[in-house]
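Before any comments, here is the structure.
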Amino acid sequence: MYWGVGLVSSRPCVVDLSRNQTLSLCWCWGSEEHCSVYGDIVAFPLQDYGGVMSGLGSDSWWKKTLYLTGGALLAAAAYLLHELLAIRKEQEVDSKDAIILHQFSRPNNGVPSLSPFCLKMETYLRMADLPYQNYFDGKLSPQGKMPWIEYNHKRVSGTEFIIDFLEEKLGVNLNKHLNPHQRAVSRAVTKMVEEHFYWTLAYCQWVDNLDETQKMLNITGPLSDLLKWILCHITKGIVKREMYGQGIGRFSEEEIYRLMEKDMRSLAGLLGDKKYLMGPKFSTLDATVFGHLAQAMWTLPGTRPERLIKGELINLAMYCERIRRKFWPEWHDDNDNATYESDDSGEDSRMNTPFQDFSYYSRTGTFEDDGMENSISQTPDTDFTGHSLFDSDVDMDEFTDHEQCK
């Protein structure tokens with residue numbers, strides 16, 4: 001009797017690893033957010049109905065050996081995927097009066113996340129000054145989304161629904177100061193970023209710049225390079241199929257980048273010389289836009305979006321730096337240059353502090369308690385012209401930011 005070996009997920013996904021020479025993957029996947037491979041390795045009997053397996057009978061011995069060897073190697077790869085790609089028993093998490101943020105694991109390049117939506121959600125929690133605990137279990141929500149949260153044993157997925165849920169349960173509101181017109185503009189820009197600009201970034205990250213993205217994945221253990229290659233190419237295929245269904249993937253590479261540049265220029269025009277997109281105070285829109293622009297700023301080296309944001313659209317680069325330094329004090333960029341750093345920046349300010357896998361964070365407890373004077377002295381805040389990257393942060397009382405969230 002012949003046997004097949006496969007990876008079976010709780011989601012509609014089956015990868016046959018023994019009968020074919022290539023992976024056959026069928027996966028339903030939405031725009032928010034990407035892929036996580038988990039499930040069980042199973043062996044199943046194959047009945048011979050005159051198909052591929054019966055054809056082995058007429059092949060020479062060396063072909064049979066080749067087939068069996070290929071199947072064994074693919075089965076071994078499946079086992080390694082099972083062991084190394086976040087396939088683990090679910091740990092009990094106590095979410096009573098605590099926000100548990102489930103997201104993808106940290107990459108190894110010092111950036112909090114390669115996912116715009118995960119970075120958006122975590123930045124929002126910091127802007128709202130809501131203590132939370134990261135949980136990198138690699139498990140998608142029941143709706144197949146990432147990130148998602150647990151709060152008082154209730155699970156919520158989708159960043160828009162998560163924010164609505166937190167506003168209702170905890171009374172926070174980053175958009176309280178916006179008038180109806182600004183709220184309408186904010187929603188329109190959010191949809192442009194998440195439903196259009198996002199796909200152009202995904203193309204650059206997972207298709208055109210795949211080799212660099214592969215280096216950033218944080219996978220360790222035996223055959224980690226092989227596992228990164230497999231995961232990246234599976235993701236590449238998913239991204240291309242989803243982009244084709246969305247519509248952007250039907251265009252050429254040059255046309256996709258032209259659409260990206262239009263979106264980035266629109267954001268630069270909306271920002272202008274303001275501190276934040278909607279004015280002197282930050283809003284939910286800033287968390288959304290930062291989560292996406294940060295990918296172009298720090299995860300796509302040498303690409304067109306990086307050159308554009310650090311060149312012609314320098315106001316977007318300063319905007320990203322402003323938010324990074326205000327809400328991510330432990331995130332230091334090793335590639336900072338004179339455009340974003342002052343000449344007297346010490347080595348201590350450029351040291352990369354590792355992000356903790358399991359940690360509670362509160363902006364009040366880790367950033368604002370030091371006082372405004374200490375935070376300014378510890379974080380370089382001037383560009384090469386001598387103008388403040390924080391703009392009115394110097395004149396604004398930290399209490400104002402805290403009250404804005406309530």
Side-chain angles (χ1 to χ4, degrees), residues 31-35 104 106-120 123 192-218 225 228-229 231-244 246-269 271 288-321 323-324 328 331-341 352:
S31 66
E32 184 189 341
E33 242 306 319
H34 306 335
C35 66
F104 296 117
R106 304 291 195 197
N108 57 19
N109 65 334
V111 176
S113 180
L114 295 178
S115 161
F117 292 98
C118 290
L119 184 54
K120 165 194 173 179
T123 301
M192 180 196 76
V193 170
E194 294 186 346
E195 304 297 338
H196 191 268
F197 181 51
Y198 163 76
W199 288 109
T200 64
L201 283 174
Y203 175 83
C204 186
Q205 195 171 39
W206 294 103
V207 179
D208 193 32
N209 202 44
L210 187 64
D211 290 340
E212 289 297 325
T213 302
Q214 180 177 327
K215 297 175 185 177
M216 299 178 191
L217 295 182
N218 191 10
D225 290 339
K228 290 181 181 180
W229 186 90
L231 180 60
C232 282
H233 282 78
I234 289 176
T235 305
K236 176 181 178 180
I238 296 174
V239 168
K240 292 180 71 173
R241 283 198 302 273
E242 292 293 323
M243 287 186 64
Y244 190 85
Q246 194 270 351
I248 291 182
R250 300 169 188 260
F251 300 113
S252 67
E253 176 181 314
E254 178 60 30
E255 290 171 328
I256 291 174
Y257 278 115
R258 283 167 56 190
L259 293 174
M260 172 189 284
E261 291 177 1
K262 287 183 178 180
D263 289 344
M264 294 180 68
R265 288 193 171 90
S266 296
L267 291 173
L271 177 63
T288 302
V289 173
F290 174 74
H292 289 73
L293 288 180
Q295 307 303 317
M297 184 80 174
W298 290 292
T299 72
L300 298 172
T303 60
R304 289 174 63 170
E306 187 203 47
R307 292 194 297 269
L308 186 62
I309 195 173
K310 293 183 178 180
E312 178 183 347
L313 307 181
I314 193 66
N315 66 328
L316 292 183
M318 297 173 68
Y319 168 79
C320 289
E321 283 289 343
I323 293 179
R324 175 176 73 92
W328 292 88
W331 173 8
H332 299 282
D333 183 12
D334 292 334
N335 297 320
D336 281 343
N337 54 41
T339 304
Y340 312 114
E341 294 282 3
N352 186 15

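Sequential numbering from 1 along the given sequence is applied to the chain's residues.
Scanning for ring pair (Phe, Tyr, Trp, His ring centres under 6.0 Å) contacts around His233 gives Trp229, with sequence neighbours left out. Qualifying side chain to side chain donor-acceptor pair (under 3.5 Å) partners for Glu306, counting only residues two or more places apart in sequence or in other chains: Lys310. Partners of Ser113 according to the side chain to side chain donor-acceptor pair (under 3.5 Å) rule, which considers only residues two or more places apart in sequence or in another chain, do not exist here. A search for side chain to side chain donor-acceptor pair (under 3.5 Å) contacts involving Lys262 returns nothing, not counting sequence neighbours. Listed by chain and number, the residues in a side chain to side chain donor-acceptor pair (under 3.5 Å) with Asp208 are Tyr257 (sequence neighbours excluded).
The line from CE of Met264 to OG1 of Thr200 is 8.5 Å long, rounded to the nearest 0.5 Å. Atoms CD and CG, from Glu212 and Asn109 in turn, are 10.0 Å apart once rounded to the nearest 0.5 Å. Between atom CE of residue Met260 and atom CG of residue Leu308 there is a gap of 9.5 Å, rounded to the nearest 0.5 Å. Glu261 contributes atom CD, which lies 10.5 Å from atom CG of Asp263 (distance to the nearest 0.5 angstrom). Separating the CH2 atom in Trp206 from the CD atom in Glu242 is a distance of 14.5 Å, to the nearest 0.5 Å. Within the model, atoms CG of Asn209 and CD of Gln205 stand 8.5 Å from one another, a figure rounded to the nearest 0.5 Å.
The aromatic rings of Phe197 and His292 are tilted relative to each other, their planes meeting at an angle between 30° and 60°.
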> Do Lys120 and Glu194 pass the salt bridge (charged side-chain N to carboxylate O under 4.0 Å, His left out) test, and can you show the C-alpha distance, the side-chain angles, and the key distance before you say yes or no?
Replying inline: CA-CA 11 Å; Lys120 165 194 173 179; Glu194 294 186 346; 2.6 Å; yes
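Annotation: salt bridge (Lys or Arg N to Asp or Glu O under 4.0 Å) contacts involving residues 247-258, sequence neighbours excluded, comprise Glu254-Arg304.
We find that Glu312 and Arg307 are not joined by a salt bridge, their nearest charged nitrogen and carboxylate oxygen being 4.0 Å or further apart.
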